[in-house]
Amino acid sequence: MSADLLVKGGRVVSAAGARATDILVQGGRVAALGQDLVPPPGCPVLDASGKLVLPGLIDAHVHFREPGLEHKEDLASGSLAAVAGGVTSFLEMPNTRPPTVDPEALAGKLRRAALRARADHAFFLGATAENAERLAEWETLPGCAGVKVFMGASTGSLLVGDDAALERVLRSGKRRVAVHAEDEARLAERRAALARGAPVSVHPQVRDVECALRATRRLLDLAERTGRRVHLLHLSSAEEVALLRERDLGDLVTSEVTPNHLFLAAPGCYAEHGARVQMNPPVREERHREALRQALAEGVITCVGSDHAPHTLAEKARPYPESPSGIPGVQTTLPLLLTAVRDGWLSAAQIVERCVLGPAAANGIRGKGDLAVGVDADLVLVDPRERGPLERERLVSRAGYSPYEGVELAGWPVTTVLRGTIVFDRSEPRGLPLGRPLSFA
Ligand code: DOR
Ligand code: ZN
């Protein structure tokens with residue numbers, strides 16, 4: 001077989017650490033790793049000297065808004081932002097319009113993604129009280145990322161609010177279930193008590209730690225009772241981390257944190273950015289951020305997912321609580337985590353563990369993973385010399401803003417390779433969109 005690409009002279013980062021090695025790609029997969037590999041005749045060479053080479057990130061939590069809310073984002077613009085940020089696979093959430101709650105809606109998204117998505121992809125089915133019994137059959141459909149549950153209402157109308165319905169969902173099927181854990185009963189009470197004209201800075205008190213903690217506790221109880229594996233999305237508090245440590249449920253429970261909960265903190269972020277940093281669950285005070293960072297570094301939290309949730313600036317300018325929750329971020333996960341490496345609280349190898357291996361394992365993704373012979377040749381080249389403040393011009397999501405504008409960078413993704421083909425290079429997409437549906441174990 002002829003070779004697709006030789007990536008030469010880079011410092012390859014894997015879960016085992018960093019080493020100087022070339023990567024030969026054949027048939028879209030890694031065919032060989034080693035120093036001073038000689039390009040076979042006719043094989044294109046990608047010069048990676050002076051660059052870090054990481055496996056492409058797997059972002060298992062994005063909202064790309066198509067169908068129905070394309071003024072915020074669509075599969076073309078969202079997946080472009082993904083590859084611009086070194087993300088080569090994404091799992092997309094079901095709170096679109098209409099929501100992805102049946103096989104027809106799932107098939108519709110897969111059709112829309114074909115020839116328009118620039119990264120490999122799959123789509124979550126949203127659980128409801130009505131479709132619970134059907135999920136066991138539907139979760140194995142091609143291109144299905146699994147089942148997502150909203151225990152508390154957030155953006156959109158998806159909700160599985162009570163334990164009886166949640167238990168029916170958990171007993172229907174086998175794959176790990178991804179869960180937004182905020183307690184709907186407490187949320188409803190606190191929303192009703194919210195004073196008119198309250199500023200967005202009260203958001204972490206409205207959707208307080210107890211909201212998150214109660215739902216998380218209920219979910220862990222039900223996961224133990226049913227034996228169903230669950231994935232806790234966007235942990236936001238020190239208390240949830242303590243609960244995870246205490247319950248120590250092994251592979252029954254995997255978990256995620258977003259860059260927003262790792263890099264922003266109340267009250268300062270609300271003073272600086274207002275509703276642009278409003279999300280559910282909220283960004284909380286510094287002590288939570290510290291606990292989340294520590295849990296991520298220790299592996300108590302197994303994944304980073306961006307929860308890329310774009311809204312327009314005009315929508316964000318509505319008075320709280322009409323301002324919508326959600327922060328764009330699929331492009332900035334990797335650059336932010338590189339600042340964590342510079343600042344000494346995370347290693348480059350841990351980026352690979354939490355952004356590639358963790359999401360691949362939690363979601364049972366086939367063929368993707370650490371750079372080794374046989375895996376898909378999904379790569380991102382990072383230029384560690386690209387420093388200076390993050391500028392808005394670099395952002396390609398339709399949202400058009402980021403709370404991280406102005407952050408001092410410690411490197412920037414410059415070239416992204418999907419299954420051996422360069423799909424993004426120096427601020428520009430390359431070629432036609434090549435994204436394909438992911439497959440699952
Ligand atoms: O802040 C959020 N935004 N949290 C969610 O659960 C949904 C998301 C969105 O879709 O905007
Ligand atoms: Zn989300």
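Since we're looking at a predicted model, the values are computed, not measured. Scope of the values below: all heavy atoms of this structure, side chains included, with no hydrogens, waters or symmetry mates. As the structure lists them, so they are numbered: ligands from 1, and atoms in each ligand from 1.
Ordered by chain and number, His61 NE2, His63 NE2, Asp307 OD1 make up the set of protein N, O or S atoms under 2.8 Å of the Zn ion (ligand 2).
Using a 4.0 Å cutoff on heavy atoms, Arg65 counts as a contact of ligand 1.
Interface atoms of ligand 1 facing Ala309, defined by a heavy-atom separation under 4.0 Å, are 3 (N), 8 (C), 9 (C), 11 (O). Those atoms of ligand 1 that come under 4.0 Å of a heavy atom in His311, given as number and element, are 11 (O). Short contacts between ligand 1 and Phe150, defined as distances under 4.0 Å to a heavy atom of the residue, involve ligand atoms 6 (O). Ligand 1 places these atoms under 4.0 Å from at least one heavy atom of Met279: 1 (O).
For the pair Ser154 and ligand 1, the shortest N or O to N or O distance falls below 3.5 Å. Checking only distances, Asp307 never comes within under 3.5 Å of ligand 1, N or O to N or O. Not one N or O of Gln278 is nearer than 3.5 Å to an N or O of ligand 1, by distance alone. For ligand 1, the polar-atom distance check against Gly326 finds a nitrogen or oxygen pair separated by under 3.5 Å.
With a 4.0 Å cut-off on non-hydrogen atoms, Ile327 does not touch ligand 1 at all. With a heavy-atom cut-off of 4.0 Å, His180 touches ligand 1 through its side chain alone.
For CZ of Arg29, the number of neighbouring non-hydrogen atoms (other residues, nucleotides, ligands) closer than 6.0 Å is 12 at most. Atom CG of Leu115 is surrounded by 12 or fewer heavy atoms from other residues, nucleotides or ligands within 6.0 Å. With a 6.0 Å radius and a threshold of 12 heavy atoms from other residues, nucleotides or ligands, Arg436 has its CZ atom at or below the threshold.
Under 4.0 Å is where a charged nitrogen must lie from a carboxylate oxygen, and between Glu182 and Arg207 at least one such pair does. Between Glu92 and Lys109 a salt bridge is recorded (basic side-chain N to carboxylate O distance below 4.0 Å). With respect to the salt-bridge test (charged N to carboxylate O, under 4.0 angstrom), the residues Asp208 and Arg284 do not qualify.
Residues that satisfy the side-chain contact (heavy atoms from CB on, under 4.5 Å) test with Thr226, not counting sequence neighbours, are Glu167, Leu170, Arg171, Arg228.
Screening Met93, Glu73, Arg65, His61 against His308 for a side chain to side chain contact (heavy atoms under 4.5 Å, CB included) leaves a single residue, Glu73.
Annotation: salt bridge (charged side-chain N to carboxylate O under 4.0 Å, His left out) contacts involving residues 230-247, sequence neighbours excluded, comprise Asp221-Arg247, Glu224-Arg247, Glu239-Arg287, Arg245-Glu298.
Judged by a 6.0 Å distance limit and a 45° cone about the ring axis, Arg430 is not positioned over the six-membered ring of Phe424. Phe263 carries Arg293 over the face of its six-membered ring, with the cationic atom under 6.0 Å from the centre and within 45° of the normal.
Scanning the protein heavy atoms around atom 1 (O) of ligand 1, the nearest turns out to be Asn280 N, 2.8 Å. When only non-hydrogen protein atoms are considered, atom 3 (N) of ligand 1 lies nearest to Ser325 O, 3.0 Å.
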Donor-acceptor pairs under 3.5 Å, side chain of residues 194-205 to any protein atom, not counting sequence neighbours: which ones?
from   : atom 1 : to     : atom 2 : distance (Å)
His203 : ND1    : Tyr320 : OH     : 2.8
His203 : NE2    : Met279 : O      : 3.0
His203 : NE2    : Asn280 : OD1    : 2.8

